[in-house]
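Just so it is clear, the model here is predicted, and its values are computed rather than measured. Residue numbers start at 1 and run along the sequence shown.
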Amino acid sequence: MKIFIISDNDWVKDSVEKYLDFENIIQTSSEIEDVNEVYDFIFVDMQVKSNGGPSLIRELKRNELTKNTKFILMADREADEFQAKRVNADYFIVKPLSKAAMNQVFNH
C-alpha cells in the first residue's frame, strides 16, 4: 500500500506511521506539490502551515492523479467532522490517533 501524509508536525506524522506495518510505502511532506504520484491513502492534517486540510483535500480530489485516492482528515476535535463531510473525505479521525481509529480506516 502506498500512503502519503501531509502535515508539518513531526508528532502527527510519527503517530500515523506508528500504526502502519513495514509493508507500506510511506512518504511525508508539508507541501501538496510533493504529491506527484498515485497513492492508496492520503492522510491530511487539519492545518498545514497556512492551509486548511479540507481545502487541500478538495484540491487533491480535483487532481487527475489523486482523484481515486482515499482521503483521511486528521482533525483536532470531533466538532471538525462536518469539515471532513463537506469535502467528501473518506475518513475522519481525531488526533491523537489511536489504533482503533486507524483500524477503522484500513479495515473497511
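In this structure, the separation between CG on Leu56 and CG on Leu73 is 9.5 Å, given to the nearest 0.5 Å. We find the CD1-CZ distance between Ile57 and Phe71 to be 7.0 Å, quoted to the nearest 0.5 Å. Rounded to the nearest 0.5 angstrom, Leu20 CG and Ile25 CD1 are separated by 12.5 Å. Interatomic distance, CZ of Arg86 versus OG of Ser55, reported as 9.0 Å (0.5 Å rounding). Between Ser30 atom OG and Ile6 atom CD1 the span is 9.5 Å, to the nearest 0.5 Å. Rounded to the nearest 0.5 angstrom, Glu23 CD and Met1 CE are separated by 9.0 Å.
Judged purely by atom type and a 3.5 angstrom limit, Asp80 has no side-chain atom pairing as donor or acceptor with the backbone of Ala75. A side-chain donor-acceptor contact under 3.5 Å links Asn107 to the backbone of Asn103. A donor-acceptor contact shorter than 3.5 Å is absent between the side chain of Ser7 and the backbone of Lys13. The main-chain N or O of Val87 is never found under 3.5 Å from a side-chain atom of Gln83 such that the two would form a donor-acceptor pair. Looking only at distances, no side-chain donor or acceptor of Asn24 sits under 3.5 Å from a matching main-chain atom of Ile26. Judged purely by atom type and a 3.5 angstrom limit, Thr69 uses its side chain to pair as donor or acceptor with the backbone of Tyr39.
The hydrophobic clustering, which links ILVMFWY residues whose side-chain heavy atoms are closer than 4.5 Å, places Val12 and Tyr19 together.
Taking 4.5 Å as the limit, some side-chain heavy atom of Lys95 sits within range of a side-chain heavy atom of Met74. For the pair Leu97 and Val16, the minimum side-chain heavy-atom distance is below 4.5 Å. Taking the side chain as every heavy atom from C-beta outward, Asp45 and Asn9 approach each other to under 4.5 Å. The shortest side-chain heavy-atom distance between Leu60 and Lys67 does not fall under the 4.5 Å cut-off. Side-chain contact check for Val35 versus Gln27: every heavy-atom pair is 4.5 Å or farther apart. Between Asn88 and Lys61, some side-chain heavy-atom pair lies under the 4.5 Å cut-off. Contact check for Ile72 versus Phe92: no side-chain heavy atoms found under the 4.5 Å cut-off. A heavy-atom distance below 4.5 Å is found between the side chains of Ile42 and Thr66.
Ion pair Asp40/Lys70 not flagged as a salt bridge, since none of the NZ, NE, NH1 or NH2 atoms sits closer than 4.0 Å to an Asp/Glu carboxylate oxygen.
Sorted by first and then second residue, the pairs that involve residues 2-11 and meet salt bridge (charged side-chain N to carboxylate O under 4.0 Å, His left out), not counting sequence neighbours, are Lys2-Glu37.
By the 30° and 60° cut-offs, the orientation of the rings of Phe43 relative to Phe106 is tilted.
Phe82 shares a hydrophobic cluster with no other residue; no ILVMFWY side chain has heavy atoms under 4.5 Å from its own.
Looking at residues two or more places apart in sequence or on another chain, you find a salt bridge (charged side-chain N to carboxylate O under 4.0 Å, His left out) between Lys49 and Glu31.
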